[in-house]
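Hydrogens, waters and symmetry mates are skipped; everything else that's a heavy atom, side chains included, is used.
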Amino acid sequence: MASSHSDTLDLLRDRIARMGSEPARSVAQRLSTGVAEIDARLGGGLEKGTVHEFFGAGSDRQVSAKPSRFVAAVLARTTGAVIWIGEEHLDLCVAGVEQAGLNPGRLICVTATQASFVDLCEAVLREPGVAAVVADSRAAPDLNATRRLQLAAHERGATGFLLYRSTFLGSGTSRCLSATRWKIAPSTTFSLRDNTAAGPYKAEERWSIEMLSHHHGGVAGWVVDPARYETHPFSVAPQHASHNDRRETTRRSWWRSALRA
């Protein structure tokens with residue numbers, strides 16, 4: 001392993017130790033998504049100790065705000081250290097992550113060069129005390145890299161979330177080595193809520209969540225209302241087949257003090 005990786009891992013171990021927390025010793029083998037219907041379809045939630053792929057769509061493809069917030073909401077329901085590793089740089093929305101309920105105190109953020117990105121993600125997945133690793137990639141999926149990360153996740157029991165900010169659409173017909181593959185995009189349906197600041201009713205965007213691949217077979221789709229991420233489960237609307245591309249709201253760059261490998 002390169003010396004830069006060794007230095008980064010040493011810093012990670014120190015920060016994890018100072019957190020004073022370990023992953024929960026739970027018999028549960030799945031992570032709740034917060035959506036009862038999705039959890040039921042998955043047999044209780046996302047499997048631990050494996051990797052899951054996430055893609056955005058439309059104008060959100062490069063930003064990945066919706067997949068990032070969905071992943072943060074899943075991780076908010078866990079305990080232990082979460083390592084978010086960005087390829088070249090990180091661009092997270094602090095408001096969205098916090099609204100998803102994920103405590104920033106549990107996060108350790110790292111940036112890595114393109115050449116060292118997969119190596120570092122693999123090494124961190126094998127680190128004791130790590131509950132989950134989010135590999136925030138700017139390249140299309142690579143089967144060899146996915147296979148390596150799967151093996152590392154199985155070895156230590158940490159869970160990997162592969163977040164792709166690429167033009168790759170995550171087609172359900174493409175080969176997938178991850179346990180699941182997802183596409184999260186704007187939905188054409190909206191919910192109406194009372195909002196005194198915006199008048200008697202305000203239309204709020206819903207999301208389309210598609211499970212494009214599952215290693216036990218099958219695909220599925222849901223339309224969800226993300227408005228209650230922080231303290232409540234998602235509310236589910238009837239499934240809708242079409243999508244519209246919508247622009248993201250203003251974002252803030254986050255994690256200025258991320259480790260660099």
Side-chain angles (χ1 to χ4, degrees), residues 30-47 51-77 92-93 95-97 99-102 134 136-137 140-141 161-174 176 178-193 201-230 232-251:
R30 297 186 181 269
L31 301 172
S32 173
T33 64
V35 184
E37 288 84 352
I38 296 180
D39 287 349
R41 178 66 177 76
L42 296 172
L46 297 170
E47 290 182 50
V51 298
H52 306 275
E53 297 181 5
F54 292 84
F55 297 86
S59 60
D60 193 42
R61 189 175 299 143
Q62 294 289 340
V63 177
S64 288
K66 292 173 177 61
S68 295
R69 189 173 171 187
F70 183 83
V71 168
V74 172
L75 294 176
R77 296 173 173 87
L92 297 181
C93 177
V97 171
Q99 287 171 11
L102 181 57
V134 182
D136 197 337
S137 174
F161 295 83
L162 312 185
L163 182 65
Y164 291 109
R165 300 177 184 244
S166 71
T167 56
F168 182 84
L169 292 176
S171 168
T173 60
S174 301
C176 177
S178 297
T180 59
R181 173 179 284 174
W182 303 83
K183 182 169 72 173
I184 304 179
S187 169
T188 55
T189 64
F190 291 81
S191 61
L192 292 176
R193 300 183 187 280
Y201 292 101
K202 177 184 178 182
E204 295 189 0
E205 183 181 65
R206 290 177 173 179
W207 294 2
S208 166
I209 298 181
E210 295 182 62
M211 184 173 68
L212 301 173
S213 177
H214 189 290
H215 64 164
H216 291 313
V219 297
W222 300 265
V223 173
V224 305
D225 182 348
R228 301 184 181 91
Y229 275 16
E230 185 171 1
H232 301 282
F234 299 94
S235 57
V236 179
Q239 185 173 342
H240 198 281
S242 62
H243 314 281
N244 269 349
D245 293 342
R246 294 179 58 83
R247 290 191 177 276
E248 282 301 308
T249 55
T250 303
R251 298 176 290 123

| remark: For S137, the side chain to side chain donor-acceptor pair (under 3.5 Å) test, sequence neighbours excluded, returns E87

Separation between [atom1] of [X] and [atom2] of [Y], rounded to the nearest 0.5 Å:
| X | Y | atom1 | atom2 | value |
| --- | --- | --- | --- | --- |
| R77 | S32 | CZ | OG | 5.0 Å |
| L163 | D136 | CG | CG | 4.5 Å |
| I38 | M211 | CD1 | CE | 9.0 Å |
| L75 | F161 | CG | CZ | 4.5 Å |
| L212 | T180 | CG | OG1 | 9.5 Å |

| request: Flag the pair L162 / P141 as yes when at least one side-chain heavy-atom distance between them is below 4.5 Å, and no otherwise. | output: no

| task | Measure the shortest side-chain to side-chain distance between E210 and V219 over non-hydrogen atoms and say whether it is less than 4.5 angstrom. | result | no

| field | Residues that A179 engages under side-chain contact (heavy atoms from CB on, under 4.5 Å), provided they are two or more places apart | value | T50, H52, H215

| field | For R30, side-chain contact (heavy atoms from CB on, under 4.5 Å) partners two or more places apart | value | E47

Which heavy atom of [X] sits nearest to which heavy atom of [Y], and what is that distance?
| X | Y | value |
| --- | --- | --- |
| A76 | L102 | CB-N, 3.6 Å |
| K183 | G56 | CG-O, 3.9 Å |
| D39 | L31 | OD1-O, 4.4 Å |

| Under 30°, 30 to 60°, or over 60°: which ring-plane class applies to F54 and W182, parallel, tilted or perpendicular? | parallel

